[in-house]
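Scope of the values below: all heavy atoms of this structure, side chains included, with no hydrogens, waters or symmetry mates. A quick note: this is a predicted structure, and the numbers were derived from the prediction, not measured.
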Amino acid sequence: MQSNIDLQQLVEVIGDAVIASDADGVITMWNPAAERIFGFTESEALGQSLDLIIPETQRKKHWDGYYKTMHTGETRYATDVLRVPAIHKQGYRLSIAFTVALLYSVEQQVTGIVAVVRDETTRFNEERSLRRRLAALEAGTGQETTEKG
């Protein structure tokens, strides 16, 4: 049975960012959740390079992978979640998680990528804090284990 879901409305109301870019990494879609997460309005983001949200230290690695994907038409992040740092319009770092889907022309050439992005900054910071507390507790107790038997 065919569903009559309005896909444009879905992209507009979904809580995760939906960002599409062309083969050159130019942003072609930017939904309201992307604006909420990254701080850039749709008009500020459309037509810009993905460098808009990629930390400078991560750009070479990002573009190497991006262009390889454009060339090969293969990505493992269609099903595996990728967790990376990103930057907000105001300059602070975010921790994001996302999956991607490749977009194709009618000739089956890769024309771009769409990413579904979630802001995991709070979760990342909480986990980092817990790891630090655990390390401090282990260091404070000497963490020597003995076998009883």
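- The other members of the hydrophobic cluster of L103, by chain and number, are V11, I14, V18, M29, V114 (side-chain heavy atoms under 4.5 Å, ILVMFWY only).
- Side-chain heavy atoms closer than 4.5 Å link hydrophobic residues (I, L, V, M, F, W, Y) into clusters, and following such links, possibly through other members, connects L46 to I53.
- Within the structure, side chain to side chain donor-acceptor pair (under 3.5 Å) contacts touching residues 46-55 (residues at least two apart or in different chains) are D51-W63.
- Separation of atoms CG (N31) and CZ (R36) is listed at 8.5 Å; rounding is to 0.5 Å.
- Judged as a side-chain hydrogen bond (donor to acceptor under 3.5 Å, both in side chains), and not counting sequence neighbours, D6 has no contacts.
- With a 4.5 Å cut-off on side-chain heavy atoms, I54 and L52 do not count as touching.
- Atom CD of E56 sits in a sparse spot, with 12 or fewer heavy atoms from other residues, nucleotides or ligands closer than 6.0 Å.
- Under the 4.5 Å side-chain heavy-atom criterion for grouping Ile, Leu, Val, Met, Phe, Trp and Tyr, V116 is not connected to L50 through any hydrophobic cluster.
- Take S105 and apply the side-chain hydrogen bond (donor to acceptor under 3.5 Å, both in side chains) test, not counting sequence neighbours, and it matches E107.
- Listed by chain and number, the residues in a side-chain hydrogen bond (donor to acceptor under 3.5 Å, both in side chains) with T99 amount to none (sequence neighbours excluded).
- For the ring pair (Phe, Tyr, Trp, His ring centres under 6.0 Å) condition, the pairs that include at least one residue of residues 9-38, sequence neighbours left out, are W30-F38.
- The shortest heavy-atom contact between I19 and A34 is CG1-CB, 4.0 Å.
- Under the 4.5 angstrom side-chain criterion for Ile, Leu, Val, Met, Phe, Trp and Tyr, V26 has no cluster partners at all.
- Shown here are the side-chain hydrogen bond (donor to acceptor under 3.5 Å, both in side chains) partners of T69, two or more places apart in sequence or in another chain: there are none.
- With sequence neighbours excluded, the residues forming a salt bridge (Lys or Arg N to Asp or Glu O under 4.0 Å) with E120 are R83, R123, listed by chain and number.
- Legend: residues meeting salt bridge (Lys or Arg N to Asp or Glu O under 4.0 Å) with D16, ordered by chain and number and at least two apart, are R118.
- Between A115 and F98, the shortest heavy-atom contact is CB-CD1, 4.1 Å.
- Take D80 and apply the salt bridge (Lys or Arg N to Asp or Glu O under 4.0 Å) test, not counting sequence neighbours, and it matches no residue.
- A97 and V81 make their closest contact through CB-CG1, 3.7 Å (heavy atoms, listed as atom of the first residue, atom of the second, distance).
- Among R131, E138, R132, the one residue that satisfies the side-chain contact (heavy atoms from CB on, under 4.5 Å) test with L134 is E138.
- Of all heavy-atom pairs spanning G15 and A33, the tightest one is O-CB, 3.5 Å.
- Across all non-hydrogen atoms, the minimal contact from S21 to G25 is CB-C, 4.0 Å.
- Note that OG1 of T75 and NZ of K68 are 10.0 Å apart. Values are rounded to the nearest 0.5 Å.
- Using a 4.5 Å heavy-atom threshold, the side chains of T111 and Y104 count as separate.
- Cluster membership check: I96 does not share its hydrophobic cluster with I87, using side-chain heavy-atom separations under 4.5 Å among Ile, Leu, Val, Met, Phe, Trp and Tyr.
- A salt bridge links D64 with K60: at least one charged nitrogen is closer than 4.0 Å to a carboxylate oxygen.
- For the residue pair M70 and A23, the shortest heavy atom distance occurs at SD-CA, 3.4 Å.
- Screening residues 84-97 for side chain to side chain donor-acceptor pair (under 3.5 Å), with sequence neighbours left out, gives E44-K89, H88-Y92.
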